[in-house]
A.B. asks: 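If you scroll down you'll find the structure; I have some questions about it.
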Amino acid sequence: MTNHTAQHNGYNGGELLAGIDEIVSIISGSSYVVGMTGAGMSVESGIPPFRGADGLWTKYGNPSMDGYSQFKKNPDDWWNRRTNDKIDAHIIELRDALLNAKPHAGHYALVGLEQRGAMQSVITQNIDALDEKAGLQNLIEIHGNRTKLRCIECGERVSLGDFVPMYAPDPCTHCNGLVKFDTVMFGEPIPEDVMVASRSEIDKADCVLAIGTSATVRPASGLLWIAQKAGATIIEINPTETKLTPLCEVSLRSTAGSALPLLLEALSA
Ligand code: APR
């Protein structure tokens with residue numbers, strides 16, 4: 001693979017369609033395309049990202065990295081804090097944004113790419129359940145799903161639908177284990193079933209489409225470097241450059257909501 005990065009990097013404005021054409025030819029020549037999405041994928045649904053100018057961590061400071069050990073130490077206290085709003089301001093902002101969020105044209109375009117066989121699966125770092133709501137089938141939620149509970153012993157997951165528990169849920173009906181939200185807390189290992197599934201998709205990929213991620217949080221971001229090392233072509237859609245940009249065959253300066261519908265249209269032409 002010749003590295004066009006220097007020349008092709010930074011498609012923007014009028015070059016958007018040229019960049020889309022380049023992506024179409026790469027995807028058309030690929031046999032197993034995997035999407036890796038991050039917070040930027042849901043910004044146009046009103047959910048703030050974590051880093052960068054409008055990021056939650058930029059606004060409120062980085063969260064403590066021991067959330068999971070604190071939860072395990074005293075789960076009742078963790079749930080009680082939720083009921084009396086003694087929770088971090090960033091969680092309140094994120095929670096309110098999540099409650100009102102709906103999939104946008106970019107989410108539906110990913111479903112379209114999947115339906116026409118142009119993309120075989122998506123690994124999302126987002127917990128917002130918007131890909132599921134849009135109808136994506138081959139979806140791996142590597143950081144969990146906010147509309148589900150999970151037993152930390154046996155891994156059993158239960159869907160909550162639109163119900164948002166404010167009090168500690170009952171122990172696991174399967175093994176009587178401790179139950180928490182399915183979302184992965186800081187300091188919590190990625191559940192093994194999800195990690196194995198993600199790695200298996202990445203190992204099959206000859207092309208990875210990284211959309212709206214700063215590619216900074218492991219192990220999810222590490223999968224991108226693993227794929228590239230194994231010879232997969234990396235494509236990026238992001239309004240700004242990221243750590244991943246130098247590895248990309250094409251790096252498109254655009255938003256998920258504008259680029260993905262254009263990509264689906266071009267692939268369907
Ligand atoms: N379309 C596409 N990309 C966008 C858009 C948009 N409309 N708006 C912003 N972006 C890009 C930003 O430029 C940035 O590179 O999305 C990226 C978001 O980066 P982060 O906020 O770091 O989100 P992410 O990469 O998903 O973070 C990974 O970190 O805090 C943890 O658990 C959290 O899953 C999250 C993980």
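Just follow the structure's listing: the first ligand is 1, and inside any ligand the first atom is 1. Numbering starts at 1 and runs along the sequence shown. Values in this document were obtained by computation on a predicted structure and should not be read as measured data.
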A.B. asks: For the residue pair W78 and Y68, is the inter-centroid distance of their aromatic rings smaller than 6.0 Å?
C.D. replies: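 For W78 and Y68, the ring centres are not under 6.0 Å apart.
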A.B. asks: So that I can tick it off, tell me whether K180 and E188 are bridged by a salt bridge, with the cut-off set at under 4.0 angstrom between side-chain N and carboxylate O.
C.D. replies: yes
A.B. asks: Are any of the side-chain nitrogens in E156 or K148 under 4.0 Å away from the carboxylate oxygens of its partner?
C.D. replies: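 Not counted as a salt bridge, because no side-chain N and carboxylate O are separated by less than 4.0 Å.
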A.B. asks: How far is atom 23 (O) of ligand 1 from its nearest protein heavy atom, and which residue and atom is that?
C.D. replies: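 Its nearest protein heavy-atom neighbour is A39 CB, 3.4 Å.
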A.B. asks: Should we count CD of E265 as having more than 12 external heavy atoms under 6.0 Å?
C.D. replies: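 No, CD of E265 has 12 or fewer neighbouring heavy atoms, counting only those of other groups under 6.0 Å.
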A.B. asks: At a 4.0 Å threshold, what atoms of ligand 1 neighbour a non-hydrogen atom of T240?
C.D. replies: 13 (O)
A.B. asks: For G38, take its heavy atoms, then give the atoms of ligand 1 lying under 4.0 Å from any of them.
C.D. replies: 26 (O)
A.B. asks: Hey, does the side chain of D182 reach the backbone of N145 with a donor-acceptor pair shorter than 3.5 angstrom?
C.D. replies: yes
A.B. asks: Numbering the atoms of ligand 1 from 1, which are under 4.0 Å from a heavy atom of W57?
C.D. replies: 30 (O)
A.B. asks: Is T216 in polar range of ligand 1, meaning some N or O pair under 3.5 Å apart?
C.D. replies: no
A.B. asks: What protein heavy atom sits nearest atom 8 (N) of ligand 1, and how far away is it?
C.D. replies: V43 CG2, 3.7 Å
A.B. asks: Out of curiosity, E132 CD to T147 OG1, how far, rounded to the nearest 0.5 Å?
C.D. replies: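 Spacing of CD (E132) from OG1 (T147) equals 5.0 Å.
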A.B. asks: Looking at atom 1 (N) of ligand 1, what's its closest protein heavy atom, distance included?
C.D. replies: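 Looking at atom 1 (N) of ligand 1, the protein heavy atom closest to it is A256 N, 3.0 Å.
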A.B. asks: For atom 12 (C) of ligand 1, what is the closest protein heavy atom, and at what distance to 0.1 Å?
C.D. replies: N238 OD1, 3.6 Å
A.B. asks: Which ligand 1 atoms, with their elements, are less than 4.0 angstrom from a heavy-atom of V217?
C.D. replies: 28 (C), 29 (O), 36 (C)
A.B. asks: Quick one: which of A259, P63, A215, S214 has a heavy atom closest to atom 20 (P) of ligand 1?
C.D. replies: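 The residue whose heavy atom sits nearest atom 20 (P) of ligand 1 is S214.
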A.B. asks: Would you check if D66 and F186 make a side-chain contact, meaning some heavy-atom pair closer than 4.5 Å?
C.D. replies: no
A.B. asks: Does any N or O atom in R51 lie less than 3.5 angstrom from one in ligand 1, N or O only?
C.D. replies: yes
A.B. asks: Looking at ligand 1, is there an atom of it that comes within less than 4.0 Å of some heavy atom belonging to P239?
C.D. replies: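 Distance cut 4.0 Å: P239 passes for ligand 1.
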A.B. asks: Name the orientation class of the two ring planes belonging to H90 and W57 (parallel below 30°, tilted from 30 to 60°, perpendicular beyond 60°).
C.D. replies: perpendicular
A.B. asks: Charged N to carboxylate O under 4.0 angstrom, E93 versus K59?
C.D. replies: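 Result for this pair is yes, salt bridge flagged.
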A.B. asks: Could you check atom 17 (C) of ligand 1 against the protein and tell me its nearest heavy-atom contact, residue, atom and distance included?
C.D. replies: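 So the nearest neighbour among protein heavy atoms is G212 O, 3.5 Å.
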A.B. asks: Counting from 1, what ligand 1 atoms have a heavy atom of P49 closer than 4.0 Å?
C.D. replies: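 Those qualifying, in numeric order: 21 (O).
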A.B. asks: Would you mind checking which non-hydrogen protein atom is closest to atom 32 (O) of ligand 1, with the distance to 0.1 Å?
C.D. replies: H143 ND1, 3.7 Å
A.B. asks: Indicate yes or no: does an N/O atom of Q125 lie under 3.5 Å from an N/O atom of ligand 1?
C.D. replies: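 Yes: some nitrogen or oxygen of Q125 is under 3.5 Å from one in ligand 1.
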A.B. asks: Identify the closest protein heavy atom to atom 35 (C) of ligand 1: which residue and atom is it, and at what distance?
C.D. replies: F50 CE1, 3.7 Å
A.B. asks: Give the numbers and elements of all ligand 1 atoms closer than 4.0 Å to a heavy atom of E44.
C.D. replies: 1 (N), 6 (C), 7 (N)
A.B. asks: Got a sec, which pairs hit side-chain hydrogen bond (donor to acceptor under 3.5 Å, both in side chains) with one end in residues 211-223, sequence neighbours left out?
C.D. replies: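 Of all non-adjacent pairs touching residues 211-223, those that pass side-chain hydrogen bond (donor to acceptor under 3.5 Å, both in side chains) are Q125-T213, S214-T216.
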A.B. asks: Is there a path from L139 to L260 through hydrophobic residues (I, L, V, M, F, W, Y) whose side chains come within less than 4.5 Å of each other?
C.D. replies: yes
A.B. asks: Considering non-hydrogen atoms of the protein only, which is the closest contact for atom 10 (N) of ligand 1, and what is the distance?
C.D. replies: G40 CA, 3.6 Å
